[in-house]
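Below is one structure; the comments refer to it alone.
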Amino acid sequence: MTVFAIVDCNNFYVSCERVFNPSLNGKPVIVLSNNDGCAVARSNEVKKLGISMGAPIFKQKALIEKHGIHVFSSNYALYGDMSRRVVHVLSEFCDDLEVYSIDESFLDISSTRADQRTELGRTIRATVKKHTGIPVSVGMAHTKTLSKIAVRLAKKSPKADGVLDLTDSKHHDKALELTPVEDVWAVGWRYARFLKVHGITNARQLRDADKNFIKKKMGVNGTRLIEELKGVPCYPLDKNPSPKKNITVSRSFGKPVSTLSELREAVATYSTRAAEKLRNEHLTAGLITVFIMTDRFKPESFYYNTRTLRLDVSTSNSPEIIRAALTGLEEIFRKDCLYKKAGLHLSELSPDSMVQTVMFDSIDRERSAQLMASLDKINAVMGKDTLTYASAGLKGSRPWQVMFNHRSNAWTTRWDQLPIVT
DNA sequence: TCTGGGGTCCTAGGACCC
DNA sequence: TCTGGGGTCCTAGGACCC
């Protein structure tokens, strides 16, 4: 029988900040979303104060001051790099590894002897800490869902001390009882509300609930969830994630904008980023959807619109994507609106080796591919945005640009921001 | 629910076909 | 134009994840 281990980084973004600023250890720390909007990572000290995940930060001002909470803007360059380092360490323990998210990986540890599993967990924990500075927790079980329950308890229980083996079903009743239903993987707040109304408040009750009743509300995923809680695996380890099906680039603006020219700059900038993502994945897009919206917390004046355009030939060429996006933008732009956010989705993605060209194609695809490759290379070597498109506007004169008022340094990915040992 | 961004999967319903 | 069953494809919307 398969045994999954999930390795989960504790308070990941906060831990990354602490690696490069150890004086933050033991202190309350929050990391914010883009535009410094809401809390996306909290240290244990902050969790105890009752600030929840996703809490809008402007509502927490008083608490922040009272407790001297250290607040950081998110620094994805740093977190992405630290994440790669953690995965690198894990890959030395296990070839069968699925990188599930920026701070979680599943390992197939079926070949480890039962009486050595906890020891393996401890070794993984110590090694990741030693090589990266990041504290992790480990949960083990016969299904992914149960391993998530195990890792949650591993963090909470002082006795477990960060590692919990939940393969033995004799511990299941107790563990599932200790897990509120809203903390079960695949149960969001809407399903949680529904389940509680029907008297299901913990994972044990969910496991023992009537399958058809759950299926009616939650569909096949509900059925799978119950099976997984019973120890029957429905989700295998996915070592090679299938290629992306959509690419989205969107941002809330640092300040609301009202003019078409500012929106054009923003949309051109996002288009450039989206095209880079495509090329990184060796994909091309056949469909592009552009959208703009005003402040969604002001329903009286809310405006949202999208336009979808089909590209004649599936492409990852920046200028073509910019052109299509701007065409769509002009169709949905409305005067007298204060826009808060814009973005684009790319879909109908296919490998760039399989592009179907049309007869009488006006673009020299080979040449433009070479141009894009050179551009990506220059930006990779000289720094992001060394070469950009004029339509994206000039750096420094973009009022719409995202605000990061509390950003730490990109300690590991930028030469000018390396930590200095004194 | 809740003031970010980037994803995935599932389902219901409509259009259209034979 | 309606009557019937059965199927596919597409899209929008809803739910979830981190």
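Here Val184(A) lies in heavy-atom contact (under 4.0 Å) with sugar-phosphate atoms only. Heavy atoms of Lys298(A) sit nowhere under 4.0 angstrom from any nucleic acid atom. When heavy atoms are screened at a 4.0 angstrom cut-off, Arg224(A) is found touching the sugar-phosphate backbone but no base atom. Counting non-hydrogen atoms under 4.0 angstrom, Asp295(A) reaches nothing in the nucleic acid. In this structure, Arg251(A) reaches the sugar-phosphate backbone alone: every heavy-atom distance under 4.0 Å involves primed, P, OP1 or OP2 atoms, never a base. Within 4.0 Å (heavy atoms only), Leu32(A) reaches no atom of the nucleic acid at all.
One atom, CZ of Phe297(A), and another, P of dC2(B), lie 10 Å apart when rounded to the nearest Å. Regarding Tyr304(A), its OH atom lies at a distance of 19 Å from the P atom of dT3(B), rounded to whole Å. In this structure, Leu225(A) places its CG atom 21 Å from P of dT8(B), rounding to the nearest Å. Separating the OH atom of Tyr76(A) from the P atom of dC18(C) is a distance of 15 Å, rounded to the nearest angstrom. When the P atom of dG5(B) is taken as reference, atom CG of Asn34(A) falls 5 Å away, rounded to whole Å. As a whole-Å value, the separation of Asn10(A) CG from dC18(C) P is 15 Å. Regarding Trp185(A), its CH2 atom lies at a distance of 20 Å from the P atom of dA15(C), rounded to whole Å. Per the geometry, CE belonging to Met82(A) stands 21 Å off P belonging to dC18(C), to the nearest Å.
For the pair Ser33(A) and dG5(B), the criterion of a side-chain N or O lying under 4.0 Å from OP1 or OP2 is not met. Here Arg190(A) reaches the OP1 or OP2 of dC16(C): one of its side-chain N or O atoms lies under 4.0 Å away. Within the 4.0 Å cut-off from OP1 or OP2 of dT8(B), at least one side-chain nitrogen or oxygen of Asn246(A) is found. Taking only side-chain nitrogens and oxygens, Ser252(A) comes nearer than 4.0 Å to OP1 or OP2 of dG5(B).
If Lys341(A) and Lys215(A) are placed on DNA chain B by their nearest nucleotide, the residue sitting closer to the 5' end is Lys341(A).
Taking the ring centre of Phe194(A) as origin, the terminal cationic atom of Lys217(A) falls inside the region bounded by 6.0 Å and 45° from the ring axis. A cation-pi arrangement is absent between Lys341(A) and Phe253(A) under the rule of less than 6.0 angstrom and at most 45 degrees off the ring axis. Both tests do not hold together for Arg296(A) against Phe302(A): distance to the six-membered ring centre under 6.0 Å, angle to the ring axis within 45°.
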Pairing of DNA chain B as dot-bracket, 5' to 3': ( ) intra-strand, [ ] crossing, | other strand, . unpaired, with Watson-Crick or G-U pairs under 3.5 Å?
....||||||||||||||

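Note: Tyr79(A) and Tyr76(A) have perpendicular aromatic rings, judged against thresholds of 30 and 60 degrees for the angle between ring planes.
Look at the P atom in both dG4(B) and dA12(C): the space between them is 26 Å, to the nearest Å. Across dT1(B) and dA15(C), the matching C1' atoms stand 13 Å from one another, rounded to whole Å.
Taking the side chain of Val220(A) as heavy atoms from C-beta on, and the options dT11(B), dT3(B), dG7(B), the nearest nucleotide is dT11(B). In the set dG5(B), dT1(B), dT11(B), the nucleotide with an atom closest to the side chain of Trp189(A) is dT1(B). Considering only side-chain atoms of Tyr100(A), the nucleotide from dC16(C), dC17(C), dC10(B) that sits closest is dC17(C). For Lys245(A), the side-chain atoms get nearest to dT8(B) when compared with the rest of dT3(B), dC18(C), dT8(B).
With a 6.0 Å radius and a threshold of 12 heavy atoms from other residues, nucleotides or ligands, His88(A) has its NE2 atom at or below the threshold. Within 6.0 Å of NZ on Lys230(A) lie more than 12 heavy atoms contributed by other residues, nucleotides or ligands.
The side chain to side chain contact (heavy atoms under 4.5 Å, CB included) test with Leu107(A) is passed by exactly one of Leu120(A), Ile124(A), Leu237(A), Val138(A): Ile124(A).
Contact check of residues 255-263 of chain A against DNA chain B (heavy atom, cut-off under 4.0 Å) returns no residues at all.
Side chains of Asn21(A) and Ser23(A): a donor on one and an acceptor on the other come within 3.5 Å.
Residues Ser137(A) and Asn10(A) meet the side-chain proximity criterion, which asks for heavy atoms closer than 4.5 Å.
Summarising the geometry of Gln60(A) relative to Pro56(A), their closest heavy-atom pair is CG-O, 3.6 Å, with the distance given to 0.1 Å.
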Quick one, Tyr100(A) with Trp185(A), criterion ring-ring contact (aromatic ring centres under 6.0 Å, His included). Give me CA distance, side-chain angles, the key distance, then yes/no.
CA-CA 13 Å; Tyr100(A) 176 69; Trp185(A) 201 31; 5.6 Å; yes

